[in-house]
A.B. asks: 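One structure follows; several queries about it will come next.
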Amino acid sequence: MRVISSHRLSVSTFRYHSSHAAARVDHHPQPISLTTNFTSHLHTKKIARAVVDRSALLHTEKAEALISLIKSTSTKSHLLQIHAHLIRNSLFQHSIFFSPFLFRIALPPFRDLNYAKRVFSNFRKPDYFQYNVMIRAYGMSDSPEIGFQFYQEMLRFGVKPNSLTSSFVTSCCIKIWSLFGGLQIHARILRDGHQSDGRLLTTLMGFYSSKEKYSDACKLFDEMCKRDTIAWNVLISCYMRGKRTRDTLGVFDMMRSANDCQPDEVTCLMLLQACANLNALVFGEGVHRYCEEHGFDKAMNVRNALITMYSRCGCVEDAFEVFKGMAEKDVVSWTAMISGLASNGYGRDAIEAFREMQSAGVSPDDQTFTGVLSACSHSGLLDEGRMFFNSMSEEFGIPPNIHHYGCVVDLMGRAGMVNEAYNLINSMKVKPDATIWRTLLGACRIHRQADLGEQVIEHLIELKAQEAGDYVLLLNIYSSLGDWDKVMNVRKMMKDRGIQTNPACSTIEFGGEIHEFVANDSSHSRKTEIYEMLDEINQQLRMAGYVAEIVSELHNVGVEEKQIALSYHSEKLAIAFGVLSSPPGTSIRVAKDLRICVDCHNFAKMLSAVYNREVVIRDRNRFHHFREGRCSCNDYW
DNA sequence: TTAGGGTTAG
């Protein structure tokens with residue numbers, strides 16, 4: 001697409017006022033004359049003074065007055081009137097008027113890109129600044145590709161880009177899918193020697209991050225000679241997007257020990273999210289203190305993030321403290337609290353909070369209903385769940401999305417209504433995703449519905465979304481039914497399709513670090529102590545009556561082999577490490593990326609009584625709070 | 001001569 005008319009640069013004696021396209025714009029006002037009924041006499045007088053003596057204008061204070069008028073005009077109509085006047089006096093082709101005018105018309109608050117493009121395409125010989133304005137303006141618009149075209153044209157016409165040009169065009173490339181364009185710009189930055197510009201490199205980091213080239217972004221960060229808070233924040237966001245959440249925690253300490261920059265509100269927001277994901281309560285508390293010390297905790301978004309952090313770390317009481325202390329609560333605050341109560345097993349309180357929210361005059365939105373419905377599903381409140389599901393569209397005009405359906409499928413599945421749940425999925429107006437099929441597959445596993453489980457797997461295959469975990473669920477169904485032939489079939493199917501099981505992983509926070517364990521892990525520096533501790537715990541628990549649950553978790557292997565493998569599940573290793581490394585009486589908090597198994601659930605329940613320790617396990621689906629031999633979710637499910 | 005970067009909660 002051509003952006004600019006090709007004849008522009010060859011037209012040397014262009015008479016702007018007679019043929020300029022902008023003069024035909026619909027919104028174009030009448031040209032100013034001294035007799036025009038101008039809305040602002042002040043403006044009229046200033047313009048009149050400035051244009052009286054054209055010959056002297058370019059070098060007088062009158063030109064400055066006119067320029068400052070262009071820069072300060074608060075309404076678009078005034079700006080266009082000044083434009084018209086400049087045209088009438090043949091002044092517009094001079095850069096000293098054209099540049100500030102273009103800047104004003106193209107960028108916020110006026111942002112009239114069509115107008116800007118027309119005046120630009122009729123300008124005799126745009127300089128780098130004027131190109132920069134256009135690239136920047138289009139970079140901020142819905143047509144960033146035009147910004148990139150301006151950049152290409154600028155190079156074609158031999159106008160040398162500066163550091164800001166690269167920054168603006170990089171922003172265009174972030175918005176359009178152009179890895180190659182960005183790489184070209186990077187090469188050009190190196191060629192032109194602009195790599196010492198920290199802000200430009202920060203933008204470039206954002207570019208690599210947006211194209212999922214996180215290691216390239218980090219490399220740029222390493223190459224920066226000076227890093228400010230924003231550069232560090234971009235690094236954190238790269239780690240978060242690149243699933244290197246654990247590395248973000250170290251960045252916080254590095255920033256705090258740096259001399260020239262400190263974590264800001266944005267840093268804290270991202271870190272609170274990281275802590276929520278990592279179940280890193282101690283670290284999250286540290287970020288909370290830092291926010292208080294710096295006054296960031298006054299901000300609504302930080303407080304809302306704190307509610308989520310505490311809830312996701314299993315400390316719903318602390319989440320509630322933050323929530324209670326908020327003078328003003330918006331829909332996000334309420335939803336965070338409702339979801340936090342729901343995932344921690346306080347379904348009735350979540351519903352109560354939902355009612356209070358309405359009394360407080362805050363309207364729920366779709367995410368609030370996800371929280372409310374998940375409260376129902378986590379607490380097995382089938383009737384309430386159905387009631388809320390119906391009322392959300394009927395009373396509140398919020399159509400159910402895939403998450404809402406997911407909660408209802410979960411609710412029905414847990415209640416044993418697997419066929420009804422299957423019918424509901426088939427009747428949905430939205431396309432079922434892998435998650436909803438997995439929810440149903442989980443229900444098939446609970447209720448040993450092998451036939452429906454097979455059908456669900458077919459749907460996952462259709463979506464090309466089947467994972468090892470799905471087949472394991474199916475295996476569990478067959479093995480719990482003792483159907484070893486089918487078990488063999490599924491194993492063969494997995495082998496044929498090249499489906500590999502990724503080891504489940506459990507994490508626990510200790511000493512400012514996140515310690516990670518997989519089953520039978522031997523990588524931890526304290527592995528000998530951990531295994532010894534686990535053996536001791538097993539012995540103690542067996543004396544108290546713990547018997548390993550071995551029916552469904554493994555398949556057709558010898559009983560002894562099963563018992564050995566079960567004893568070294570990742571969550572048991574993490575718990576043993578917790579018993580070993582934390583003082584008696586304190587809570588042990590473990591996060592697991594998949595679902596906790598029945599045996600580990602029994603193990604933790606028993607341990608909470610025998611060792612008198614609170615154990616909090618966050619698995620893929622929910623929290624399990626174990627206290628004095630009981631679990632908050634009553635039983636495994 | 002002028003102008004610029006990141007993140008936005010559930």
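Reckoned from all heavy atoms, side chains included, excluding hydrogens, waters and symmetry mates. Chain A is the first sequence line, chain B the second, and so forth, proteins listed ahead of strands; every chain is numbered from 1.
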A.B. asks: For Ile402(A), check side chain to side chain contact (heavy atoms under 4.5 Å, CB included) against everything at least two apart and list the hits.
C.D. replies: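 For Ile402(A), the residues satisfying side chain to side chain contact (heavy atoms under 4.5 Å, CB included) (neighbours in sequence not counted) are Met428(A), Val430(A), Asp433(A), Ile436(A).
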A.B. asks: Provide the full list of salt bridge (Lys or Arg N to Asp or Glu O under 4.0 Å) pairs with a residue in residues 341-353 of chain A, sequence neighbours left out, each pair given once.
C.D. replies: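 Residue pairs passing salt bridge (Lys or Arg N to Asp or Glu O under 4.0 Å), neighbours aside: Arg348(A)-Glu384(A).
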A.B. asks: Taking NZ in Lys329(A) as the centre, count heavy atoms belonging to other residues, nucleotides or ligands within less than 6.0 Å. Is the count above 12?
C.D. replies: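 Yes, enclosed.
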A.B. asks: Check every strand shown and say whether Phe221(A) touches a base, only sugar-phosphate, or nothing at a heavy-atom separation below 4.0 Å.
C.D. replies: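 If one applies the 4.0 Å heavy-atom cut-off, Phe221(A) turns out to touch nothing in the nucleic acid.
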A.B. asks: Listed by chain and number, what are the side chain to side chain contact (heavy atoms under 4.5 Å, CB included) partners of Glu265(A), not counting sequence neighbours?
C.D. replies: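 Here the qualifying residues are Phe296(A), Ala299(A), Asn301(A), Val302(A).
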A.B. asks: For each nucleotide in nucleotides 5-10 of chain B, reading 5' to 3', give B when a protein heavy atom comes within less than 4.0 Å of its base, S when such contact involves only the sugar-phosphate, and - otherwise.
C.D. replies: BBB-BB
A.B. asks: Report the residues that fulfil ring-ring contact (aromatic ring centres under 6.0 Å, His included) with Phe389(A), sequence neighbours left out, ordered by chain and then residue number.
C.D. replies: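 In terms of ring-ring contact (aromatic ring centres under 6.0 Å, His included), with neighbours along the sequence ignored, Phe389(A) is linked to Tyr405(A).
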A.B. asks: Got a sec, which residues hit side chain to side chain contact (heavy atoms under 4.5 Å, CB included) with Arg136(A), two or more places apart in sequence or on another chain?
C.D. replies: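 Applying side chain to side chain contact (heavy atoms under 4.5 Å, CB included) to Arg136(A) gives Leu107(A), Met140(A), Phe168(A).
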A.B. asks: Roughly, in whole Å, what's the span from OH in Tyr138(A) to C1' in dA3(B)?
C.D. replies: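 After rounding, the reported distance stands at 18 Å.
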A.B. asks: Any residue in residues 399-410 of chain A with a heavy atom nearer than 4.0 angstrom to DNA chain B? Just list them by number, or reply none.
C.D. replies: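 Nothing qualifies; none.
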A.B. asks: Phe148(A): what forms a ring-ring contact (aromatic ring centres under 6.0 Å, His included) with it, not counting sequence neighbours?
C.D. replies: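 By the ring-ring contact (aromatic ring centres under 6.0 Å, His included) rule, Phe148(A) matches no residue at all.
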A.B. asks: Nearest whole angstrom, please: distance from the C1' of dG4(B) to the CE of Met205(A).
C.D. replies: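 Nearest whole value for this atom pair: 16 Å.
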A.B. asks: Expressed as a whole number of angstroms, how long is the span from Met154(A):CE to dA3(B):P?
C.D. replies: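 Those two atoms, CE and P, are 17 Å apart.
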A.B. asks: Please name all residues satisfying ring-ring contact (aromatic ring centres under 6.0 Å, His included) with His194(A), sequence neighbours left out, ordered by chain then number.
C.D. replies: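 Testing His194(A) for ring-ring contact (aromatic ring centres under 6.0 Å, His included), a comparison that skips the adjacent residues, returns none.
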A.B. asks: Determine whether the aromatic ring of Phe103(A) stacks with the base of dT2(B), defined as ring centroids separated by less than 5.5 Å and ring planes inclined by less than 30°.
C.D. replies: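 No.
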A.B. asks: Could you tell me the separation between the OH atom of Tyr131(A) and the C1' atom of dT2(B), rounded to a whole number of Å?
C.D. replies: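 Between C1' of dT2(B) and OH of Tyr131(A): 19 Å.
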